[in-house]
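See below for the structure under consideration.
Note that the coordinates shown come from a computational prediction; the quantities given were computed from them, not determined experimentally.
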Amino acid sequence: MAVSWIFPFLFTLFCYFHSLTSQPFDYPTANLSTTWINSYSAPHSVNFTDGSIVRAILIKGSFGPRYACGFYCNGNCETYIFAIFIVYTNSISSITAVNVGFPQVVWSANRNNPVRINATLQLTLGGNLVLRDADGTLVWSTNTTEKSVAGLKLTHLGNLVLFDVNNVTVWQSFDHPTDSLVPGQKLVSGKKLTASVSATNWTEGGLFSFSATNNGLIAFVESSPPQTYFESSIDGLTASKASNYVMYLNGSLALFTNSSDSKNPRILVSVAPVSSAQFLKLEFDGHLKVYEWQDQWKEVNDLFTGFYGECAYPMACGRYGICSKGQCSCPKSSSDSTNYFRQINDRQPNLGCSEITKMTCNDSKNHRYLELNDVNYFAFSADIIDTDMTTCKNACLRNCSCKAAIFGSNSSTGECYLPSEIFSLMNNEKDKTRYNSSAFVKVQNVKLQNETQPAVARRKRHLNGAIVGSVTGISILGIIIGCIIFILWKKRKEDEVEEHYLDNMPGMPVRFSYDNLKSATENFSKKLGEGGFGSVFGGTLKDGRKIAVKCLDGIGKAKKSFLAEVETIGSIHHLSLVQLIGFCAEKSHRLLVYEFMSNGSLDKWIYSGNQEIVLDWKCRKKIIHDVAKGLAYLHEECRQKILHLDIKPQNILLDEKYNAKLSDFGLSKLIDRTQSKVVTTMRGTPGYLAPEWLSAVITEKVDVYSYGVVVLEILCGRKNFEPSEPEEQRLLMSLLKRKAEEGRLMDLIDKRSEDMQLYKEEVVDTMQVAAWCLQRDYTKRPSMSTVVMVIEGAVDVEKSLDYNFLITQNVSDINIVDSAPLFPSIPSGPR
């Protein structure tokens, strides 16, 4: 395929220019120590009739569509992203706000964390490109401080590049794709495009992803596990062959290899030949579309649809919807007139269907199948191979998390797929079916329930009559019995609600029976620890994996803790979070099953005691780094922002290699990313509570404060409040304030560690990170992603720190939802 870049498909990075002149508007480079401000008065600020605004800082190209980069908003203009986009310029080389030429964003740095007016973008003297919000909070950075950057440029391909004195690329936007590809941009193994939430919400949290994997190009819908809806195998696209890649070029996706045939790439997905500016975008609905400039922006291809048709998209008709030739309907029984599903919105059938009667695991005897004839599913990943239809259906009935049994077969064998989440189904279309399949959707047998209700009602009336007849003379006893019945009924209803909640929670972990866990823990004989919500026991699963089983006691707090923990970490995975392997919710038993952390909780290692082995500086720094990465993930990378609300050494566990992981999410709170603050009851542990808890209006910065206390304890080797110390030394933060004023922070370093004394300056620097996190004004505390970058050396600590901390140690007069340590184990030595 001939490589041609004749089309003016020019992505541009916006920058500020000194003034408009008659000279060509082509400013593609910037020098070090340059700052741009997102202000109303910025030059080259253009308002479009669709409500969007661009403020260009860099631009590359000639008359027509061209690349630019800068600040962009897509309608509300209360917040902005730093982006590369295509704009249209007129004959005098200025951006034109024509209705047909609205800016098209092809890359963005901060779509998950937009900034406000007066935000700044700075190319620092050290060569780091940094985006800060109006209040100075670090939002995004290229982390290139130590890489000898000489300048910034926007190329004719729409690639934003930081280069060194030899014009060698140090960092480039092409290596960090968002939801789009431009001609000439590579998609290498391990990289992916991630769709936005919706057409107007550009947050990276949509259902769909498109990636280059070791097996080829794959598009999948985010579920647990992911479900694939498009796949194109590619020989040679492996992580071990870094020179192989997929490139969007001349209207096609093509595979380039490092072989002698590299000049003739294999065409993977063909598009119409490029005649003008063009880009490819993974839309929020899962479509991979190509747009081209033809006097206005027009869709010229929908790549996946050519393979399987419109109905093969996971959300073509919403969850449980059936797609047939573009029309949407709900599943119906072919054997009776009972309706098990209804449309969410009659006027918008593509939004999907909902169950009329929700399934509950405690009523599994009333589960049945709704057999759907000539219905297929877009995904099929065999859970059972070499099987038959009956075995497949029975396997789903035994698994409460299974929502349907999809059975596929050929002439010789059958395979069974048991999805835990159902998206759109589709009627089989001629020549489109990949295999002979049958779909059996699991539903609650409403008819059987209704038939059993009269008998139950008759027994209840008889029982009530007997009670009334027997207690006519003892009304007080009747009231007591009534109260007991009401309590039991209420508890049963609460259990049903909890079961329904657990059954419908996406990405649920494994559900264990109580007997299985009893056997794994040898009848709960190996006790590891004890806390306010119950005890923790060690055990071993049948596959040899060691586990820690947390048994929750009580009804009120324990149940809330159980649900909060399952909801929070049941469907998320990160190296710095303790993995929740599974749970048990059986009768009154509430148990959580975690991976076993052999070195127990952090408090056993950092507080003064009789242990012979003391953690060295390298180990402590790694623990501080691990915890920061875990919190940054919770605050900024999950679909919903997760506030842990109980960060303390007892809730930080260490594995055999002293990797630190956050645990105990019983007090955590999930909030939408649109919420900047949340009102909640005070919860946590005295000594680690941020000052703003006194107002009950909090942000994720309460976790940052608690993290600062923990870091200080790690560095000093003592508790924040130590009653055994002399009065003037009992409060560690008061001591920190005094030592900072005296310029003697080194005095606070843990004296038990000779190794720590060898790295005094580095330890003191980290102590200042802790002080930054402890600022009384929460807006002055850094985000956890900033803390991670500081620890990694990419960002400097804020210099003007306030050491006049507000101590919240004595809060005994306030009702606090307290937590407790989570399964600390006996420490062994560092390895």
Inset, instruction - List for me each residue that meets ring-ring contact (aromatic ring centres under 6.0 Å, His included) alongside Trp171, sequence neighbours excluded, and say none if there are none. - result: Trp140, His176

Legend entry - salt bridge (charged side-chain N to carboxylate O under 4.0 Å, His left out) pairs, two or more places apart, involving residues 120-136: Arg116-Asp133, Arg116-Asp135

Legend entry - side-chain hydrogen bond (donor to acceptor under 3.5 Å, both in side chains): pairs with one or both residues in residues 784-793, sequence neighbours excluded: His625-Glu792, Glu636-Ser785, Ser783-Ser785, Ser783-Thr786

Inset, instruction - Can you sort out the partners of Thr699 under side chain to side chain contact (heavy atoms under 4.5 Å, CB included), two or more places apart, ordered by chain and number? - result: Lys677, Lys701, Tyr778

Legend entry - For Glu692, all residues meeting salt bridge (Lys or Arg N to Asp or Glu O under 4.0 Å), sequence neighbours excluded: Arg781

Legend entry - Ring-face cation contact, Tyr291 with Lys281, 6.0 Å cut, 45° max: no

Inset, instruction - Return the set of residues passing side chain to side chain contact (heavy atoms under 4.5 Å, CB included) with Thr169 (not counting sequence neighbours), or none when no residue passes. - result: Val161, Gln172

Inset, instruction - Classify the side-chain pair Arg55/Tyr80 by whether it contains a donor and acceptor separated by less than 3.5 Å. - result: yes

Legend entry - Partners meeting side-chain hydrogen bond (donor to acceptor under 3.5 Å, both in side chains) with Lys147 (sequence neighbours left out): none

Legend entry - side-chain hydrogen bond (donor to acceptor under 3.5 Å, both in side chains) against Ser173, all qualifying residues, sequence neighbours excluded: Asn159

Legend entry - Glu713 and Tyr688 side chains, donor-acceptor separation under 3.5 Å: yes

Legend entry - Pairing residues for Thr178 by the side chain to side chain contact (heavy atoms under 4.5 Å, CB included) criterion, not counting sequence neighbours: Trp107, Ser108, Arg111

Legend entry - By ring-ring contact (aromatic ring centres under 6.0 Å, His included) - contacts of Phe208 (at least two apart): Tyr229

Legend entry - Asp796: partners by side chain to side chain contact (heavy atoms under 4.5 Å, CB included), with sequence neighbours left out: none

Inset, instruction - Report the residues that fulfil side-chain hydrogen bond (donor to acceptor under 3.5 Å, both in side chains) with Gln768, sequence neighbours left out, ordered by chain and then residue number. - result: none

